[in-house]
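Structure, as structure tokens:
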Amino acid sequence: MTIVAGMDIGSTTAKCVVLEGQRVLGKSLSPVGVDIVKDAERALEAALADSGIARSEVSFITGTGYGRYKVYFGQLVVTEISCHARGAHFLFPGTRVVVDIGGQDTKAIRVNEKGEVVDFSMNDKCAAGTGRFLEVCANALGFDIGEIGALSLQAKRPMRVTSTCTVFAESEVASYVSRGKDPKDILAGLHASIANRTLSLMQRVGIEPEVTFTGGVSQNGGMVRALNRRLGASVNVSPLSQYMGALGAALHGQERQAGGAS
Ligand code: ADP
């Protein structure tokens, strides 16, 4: 069976998945800096090391994400919208809507029963509602991005956060802190405010079960619960959710190699 790699070079992180048939052999997650070409090469090397295979064993490489044209050593380039749709459909075949919340943008993608994109809507104009928004607010409260989801789940009296702009939300957070409000309650309010924004984006493409949550912010359990509450249903999440674009890219590569239309 042939081995392929999918590379998602995002605005903040590079993800690489190595796939043999339907089996993920290995993966990598690393930061993206100013030298995107080098970052892409490093991401591939790290995923190969994780898979325990040599580069010569990989027969096809597909690039996606904001920096996809920097994967110059690849054979195919596909948009991240198409890759998130394909990856989500592979892991959760009942997926009809994909919500991807990444470092700097948020997308709602409606897919058909084959995992093809039917419609999409995107917020990439400002950081509001993205991972960056949560990072700024986490910083303002003195927490790490990896801690805030779990803390928000312990809230007793969630605050109402009304600012949608990142800069205003940061000062709203500071004002709550100075009034002695519990950071957990502030965090719950911030997560709820992103869930509201995300729901509006989803409404533009039409909400239909099943919904699959992808992108780095899907690792945040507080965000998963806030979205579930707002939707009134449970979204699909997987430990591979942040790698969904890379996985979808690898799947597109398999299809292209097999002579398909990817
Ligand atoms: P991009 O493709 O735009 O680079 P990703 O989909 O990789 O973005 O998501 C990156 C974002 O995910 C980070 O900015 C961060 O906010 C968030 N993130 C990543 N891991 C976690 C985690 N464990 N808990 C909470 N948020 C996380």
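Residue numbers run from 1 in the order of the sequence given. Heavy atoms only: backbone and side chains are in, while hydrogens, waters and symmetry mates are out. We count ligands from 1, going down the list as the structure has it; atoms in each ligand are counted the same way.
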Do N112 and H89 have a side chain donor and acceptor closer than 3.5 Å?
no
Taking only non-hydrogen atoms of Q219 and a 4.0 Å limit, the atoms of ligand 1 in range are 21 (C), 22 (C), 23 (N)
Please report the C-alpha distance between T2 and E20 in whole Å, then the side-chain angles of each, then the deciding distance to 0.1 Å, and finally whether the side chain to side chain donor-acceptor pair (under 3.5 Å) criterion is met. CA-CA 6 Å; T2 56; E20 182 177 33; over 6 Å; no
Taking only non-hydrogen atoms of G131 and a 4.0 Å limit, the atoms of ligand 1 in range are 16 (O)
Against ligand 1, does R132 come closer than 4.0 Å with any heavy atom? no
Only residue of V18, I3, V17 satisfying side chain to side chain contact (heavy atoms under 4.5 Å, CB included) with S51 is V18
Worksheet item: Do any N/O atoms on T12 end up under 3.5 angstrom from N/O atoms on ligand 1?
Response: yes
* Asked: Would you say ligand 1 has an N or O under 3.5 Å from any N or O of S11?
  -> yes
protein heavy-atom neighbour closest to atom 2 (O) of ligand 1 works out as K15 NZ, 2.8 Å
Quick look: M223 vs ligand 1, heavy-atom contacts under 4.0 Å, and the answer is neither
Scanning both residues in full, the closest heavy-atom pair of V111 with T95 reads CG2-O, 3.1 Å
- Electrostatic pair E255:R86 at N-O distance under 4.0 angstrom: yes
Which of T214, T198, D100, N123 passes side chain to side chain donor-acceptor pair (under 3.5 Å) with K107? Answer is D100
query = ligand 1 and N220, any nitrogen or oxygen pair closer than 3.5 angstrom?
reply = no
Would you say that more than 12 heavy atoms from the other residues, nucleotides or ligands in this model lie under 6.0 Å from the CZ of R96, or not? yes
Considering both backbone and side-chain atoms of D8, is one of its nitrogen or oxygen atoms within less than 3.5 Å of a nitrogen or oxygen in ligand 1? no
Out of A246, G216, G65, the nearest non-hydrogen contact to atom 5 (P) of ligand 1 is supplied by G216
Counting from 1 in the order shown, the ligand 1 atoms closer than 4.0 Å to a non-hydrogen atom of T13 are 4 (O), 5 (P), 7 (O)
If we number the atoms of ligand 1 from 1 as shown, the ones under 4.0 Å from a heavy atom of G103 are 1 (P), 3 (O), 5 (P), 8 (O), 9 (O), 10 (C), 11 (C), 14 (O)
Using a distance-only test with no angle check, is there a side-chain donor-acceptor pair under 3.5 angstrom linking H252 and T62? no
Note: ligand 1 atoms sitting under 4.0 Å from heavy atoms of G102 are 5 (P), 6 (O), 8 (O), 9 (O)
re atom 26 (N) of ligand 1, the protein heavy-atom contact at minimum distance is I145 CG1, 3.7 Å
Q | side chain to side chain donor-acceptor pair (under 3.5 Å) assessment of T162 paired with E172 | A | CA-CA 8 Å; T162 50; E172 195 176 352; 3.3 Å; yes
Numbered in order shown, the ligand 1 atoms found under 4.0 Å of a heavy atom of Q242 are 5 (P), 7 (O), 9 (O), 10 (C)
So for ligand 1, is G215 a polar contact partner (N or O within less than 3.5 Å, distance only)? no
>> Any carboxylate oxygen within less than 4.0 angstrom of a Lys/Arg side-chain nitrogen, looking at E41 and K38?
In response: no
inquiry  = Polar contacts were defined as any N/O atom of the residue lying under 3.5 Å from an N/O atom of the ligand; does this apply to G10 and ligand 1?
reply    = no
Please evaluate residues I36 and I9 with respect to the criterion side-chain contact (heavy atoms from CB on, under 4.5 Å), reporting the C-alpha separation (whole Å), side-chain torsions for both, the decisive distance (0.1 Å), and the verdict. CA-CA 8 Å; I36 303 177; I9 312 301; 3.6 Å; yes
Here the atoms of ligand 1 under 4.0 Å from any heavy atom belonging to E135 are 13 (C), 14 (O), 15 (C), 16 (O)
